[in-house]
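Residues take their numbers from the sequence shown, with the count starting at 1.
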Amino acid sequence: CDGLASLDLCPLSQVSRICENFLEGCTGLTELDLSPFSNVVVVYRGFLVDCSGLTALDLTPLSQIKEVHEFFLAGCAGLTELDLGPLSHVSEFDRNFLSRCSGLKSV
C-alpha cells in the first residue's frame, strides 16, 4: 500500500480488534480518519508501523482501547505531535511504543 494516499475506514466500523501489521508500510498515507474504530478495544502488533507520511493523527476514536501491543505507530517519523490522552484506559504498552518516531516534538 506504499502508493496509497488516503483510505476510507468506514466499512470497518464494527471492528473491535485490529490485528497485526494493520496498514504496515503505507508511507504514502498523509492522513487517516480513525473515527470508524470507536469500538476497538485491542490493537495488536505493528499498528500503522512505518507509515512515515502521516503528519497528524487524532487518537480520540481509540478511547475504548484497553490493550496496545508492540510497535504501536513505530516508524511514523512524519508525526510531529501526538495526544495520548485518548489512550487513558490502556494499562500497559508493549515494547517499541512510538519507536523511530523521530519527528515527534510534542507528546
- Residue from Tyr44, Phe71, Phe37 passing ring-ring contact (aromatic ring centres under 6.0 Å, His included) with Phe22: Phe37
- Message: Walk me through whether Leu79 and Leu98 qualify under side chain to side chain contact (heavy atoms under 4.5 Å, CB included).
- Response: CA-CA 10 Å; Leu79 291 175; Leu98 298 178; 5.6 Å; no
- Task: Quick one: closest heavy-atom pair of Asp8 and Pro11, and the distance?
- Result: O-CD, 3.6 Å
- Message: Please give me the minimum heavy-atom distance between His69 and Asp94, naming the atom from each residue.
- Response: ND1-OD2, 3.3 Å
- Query: Which heavy atom in Cys51 sits nearest to a heavy atom in Leu23, and how many Å separate them?
  - Reply: SG-O, 3.1 Å
- Task: Enter the distance from Leu57:CG to Glu81:CD here, rounded to the nearest 0.5 Å.
- Result: 11.5 Å
- Measure across Leu32 and Leu7 and return the closest heavy-atom pair with its distance rounded to 0.1 Å. CD1-O, 4.0 Å
- All ring-ring contact (aromatic ring centres under 6.0 Å, His included) counterparts of Phe72, not counting sequence neighbours: Phe47, Phe97
- Measure the CG-CG distance between Leu62 and Leu84 for me, rounded to the nearest 0.5 Å. 11.0 Å
- Joint cluster assignment, Val43 & Val41, ILVMFWY side-chain distance < 4.5 Å: no
- Straight-line distance of Leu48 CG to Ile18 CD1, nearest 0.5 Å: 7.5 Å
- From CA spacing to verdict: side chain to side chain contact (heavy atoms under 4.5 Å, CB included), Leu34, Val40: CA-CA 10 Å; Leu34 296 176; Val40 171; over 6 Å; no
- Message: Nearest 0.5 Å, please: how far is OG in Ser16 from CD1 in Ile65?
- Response: 11.0 Å
- To the nearest 0.5 angstrom, please state how far the OG atom of Ser99 sits from the CG atom of Leu73. 10.0 Å
- Task: Using the rule that two of Ile, Leu, Val, Met, Phe, Trp, Tyr join whenever any of their side-chain heavy atoms come within less than 4.5 Å, decide whether Leu29 and Val49 are in one cluster.
- Result: no
- Query: Got a donor-acceptor contact below 3.5 angstrom from the Asp83 side chain to the Leu59 backbone?
  - Reply: no
- Task: With side chain to side chain contact (heavy atoms under 4.5 Å, CB included) as the test, would you mind laying out the steps for Leu9 and Val15 before giving the verdict?
- Result: CA-CA 10 Å; Leu9 297 175; Val15 168; over 6 Å; no
- Closest heavy-atom pair and its distance - Ala77, Ser102: CB-OG, 3.7 Å
- Query: Nearest 0.5 Å, what's the CG-CZ distance between Asn21 and Arg45?
  - Reply: 6.0 Å
